[in-house]
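Scope of the values below: all heavy atoms of this structure, side chains included, with no hydrogens, waters or symmetry mates.
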Amino acid sequence: MIKNMNKPKLLITGGSGLLALNWACAVRDEWDVILGTHHHTIKLRGTSQYRLDLDDLTKLEIQLDEISPDLIVHTAGLTGVDLCERDPTLAQHVNAEIAKNVAVISERKNIDLIHISTDHLFADTDSLYLEDSVPKPVNEYAKSKYLAEKWVQEVNPQALILRTNFFCWGMESRQSISDWIINSLEANKTLQMFDDVFITPILADTLALLAHELVANGVSGIFNLVGDEKVSKYEFAIRLA
């Protein structure tokens, strides 16, 4: 693989996901972006693709030697809450064991790492949570993501772990929740949204730019990188409208 010597190299795992694609669009002018994929083929202007073997520690180390990234953003994961509930073993493997593999190799190779966690760790309705708030995961998705945080910190204390809840643009083949809301409203459809589920959403572009700023300043550990306002999903839809 030929490295662009004019730009630092960024590897984003889960490269076919919405966060990875929006992240790539936000930083591709300043970074040489490689979208690490597993099953899917992705073509995005200003980026390249590399098929990663995240399950095999030895193969992954060889691949990272070949790519030689300056920074890894680990977005790969199993996000379907229902699927995680049906198959907790798969959830733990994809969300925690693979995250640990990436953290191990990034620490071994002295590569900066941003690990994307979740805001699903808290089940109560407190106004806002702090980084030292005690997580209370209530489903298998949240449990697997919390385990990932613990393992990543254990094997790579220099990693930046971001708990977040983002919204973004989708693709023609895969809508984001904000796309779905906007497109439904444009089609004059009536939507039913929760008024008892609360989020602190941040635009994916803003998330990416702030995360890079944190890395540039040598920040590590767990950070809540979200919007500064708590809204229900109903209120979120009203704001979009």
Side-chain angles (χ1 to χ4, degrees), residues 1-5 7-80 90-118 144-145 148-149 151-152 155-156 158-162 164 166 168-171 173-174 176 204-205 207-209 211-212 214-215 225:
M1 177 173 289
I2 299 174
K3 185 170 182 177
N4 185 337
M5 301 305 295
K7 296 180 181 178
K9 184 169 286 190
L10 168 65
L11 172 65
I12 308 178
T13 68
S16 62
L18 294 183
L19 178 57
L21 295 172
N22 279 265
W23 197 299
C25 289
V27 303
R28 61 187 170 185
D29 290 340
E30 291 77 33
W31 288 79
D32 181 12
V33 179
I34 301 96
L35 296 171
T37 60
H38 185 53
H39 294 298
H40 299 90
T41 298
I42 293 296
K43 292 183 179 180
L44 179 66
R45 180 183 60 80
T47 72
S48 57
Q49 178 184 343
Y50 192 105
R51 200 166 295 276
L52 291 173
D53 194 336
L54 299 174
D55 298 286
D56 189 307
L57 203 61
T58 301
K59 290 181 180 178
L60 179 60
E61 184 168 8
I62 294 171
Q63 290 179 322
L64 290 185
D65 279 337
E66 181 177 347
I67 299 170
S68 188
D70 299 285
L71 171 64
I72 299 172
V73 178
H74 182 59
T75 75
L78 190 66
T79 59
L90 179 64
Q92 178 171 314
H93 174 67
V94 177
N95 289 336
E97 292 171 7
I98 283 178
K100 183 179 180 181
N101 286 348
V102 174
V104 165
I105 301 302
S106 60
E107 194 278 334
R108 188 178 297 172
K109 299 296 181 182
N110 196 28
I111 303 169
D112 287 333
L113 172 64
I114 299 174
H115 171 78
I116 303 299
S117 187
T118 180
S144 65
K145 294 295 285 185
E149 288 189 356
W151 283 354
V152 169
V155 301
N156 189 345
Q158 300 307 311
L160 175 62
I161 299 171
L162 299 180
T164 190
F166 64 90
C168 63
W169 297 105
M171 302 176 292
S173 59
R174 183 181 177 188
S176 68
D205 302 50
L207 169 64
L209 296 176
H212 280 263
L214 289 172
V215 170
L225 192 50

Does the side chain of [Y] come within less than 4.5 Å of [X]'s, by heavy atoms?
X      : Y      : result
Ile114 : Ile116 : yes
Leu18  : Met171 : yes
Leu113 : Ile72  : yes
Arg51  : Thr41  : yes
Gln49  : Lys43  : no
Leu52  : Ile67  : yes
Leu71  : Pro8   : no

For the residue pair [X] and [Y], what are the closest heavy atoms and their distance?
X      : Y      : answer
Ser106 : Asn156 : OG-ND2, 2.9 Å
Leu160 : Ala211 : CD2-O, 4.0 Å
Leu162 : Leu207 : CD1-CD1, 4.3 Å
Leu35  : Ala24  : CD2-CB, 4.1 Å
Leu64  : Pro69  : O-CD, 3.6 Å
Thr37  : Ser16  : CG2-N, 4.1 Å

[X], [atom1]: over 12 other non-hydrogen atoms inside 6.0 angstrom:
X      : atom1 : result
Asn110 : CG    : no
Lys59  : NZ    : no
Trp169 : CH2   : no

For the [atom1] atom of [X] and the [atom2] atom of [Y], what is their distance to the nearest 0.5 Å?
X      : Y      : atom1 : atom2 : answer
Leu21  : Ser176 : CG    : OG    : 11.5 Å
Asp56  : Glu61  : CG    : CD    : 10.5 Å
Thr118 : Asn95  : OG1   : CG    : 9.5 Å
Asp53  : Ile62  : CG    : CD1   : 10.0 Å
Thr58  : Ile105 : OG1   : CD1   : 7.5 Å
Leu11  : Ile34  : CG    : CD1   : 6.0 Å

Exercise for the section: Given side-chain contact (heavy atoms from CB on, under 4.5 Å), test Val155 with Glu107 step by step and report yes or no. Expected result: CA-CA 7 Å; Val155 301; Glu107 194 278 334; 6.0 Å; no

Exercise for the section: Start with the C-alpha gap between Lys7 and Glu30, add the side-chain angles, then the distance that decides, and say whether side-chain contact (heavy atoms from CB on, under 4.5 Å) holds. Expected result: CA-CA 6 Å; Lys7 296 180 181 178; Glu30 291 77 33; over 6 Å; no

Exercise for the section: I would like to know whether Leu60 and Gln63 meet side-chain contact (heavy atoms from CB on, under 4.5 Å); could you show each step before the answer? Expected result: CA-CA 5 Å; Leu60 179 60; Gln63 290 179 322; 4.2 Å; yes

Problem - Derivation of the side-chain contact (heavy atoms from CB on, under 4.5 Å) call for Asp70 and Asp112 - result: CA-CA 6 Å; Asp70 299 285; Asp112 287 333; over 6 Å; no

[X] side-chain N/O to [Y] backbone N/O, donor-acceptor pair under 3.5 Å:
X      : Y      : answer
Arg28  : Thr47  : no
Asn22  : Asp205 : no
Ser144 : Ala96  : no

Exercise for the section: Return yes if a side-chain donor-acceptor contact under 3.5 Å exists between Asp55 and His93, otherwise no. Expected result: yes

Exercise for the section: Mind telling me whether His115 and His74 have parallel, tilted or perpendicular rings, with 30° and 60° as the class edges? Expected result: parallel

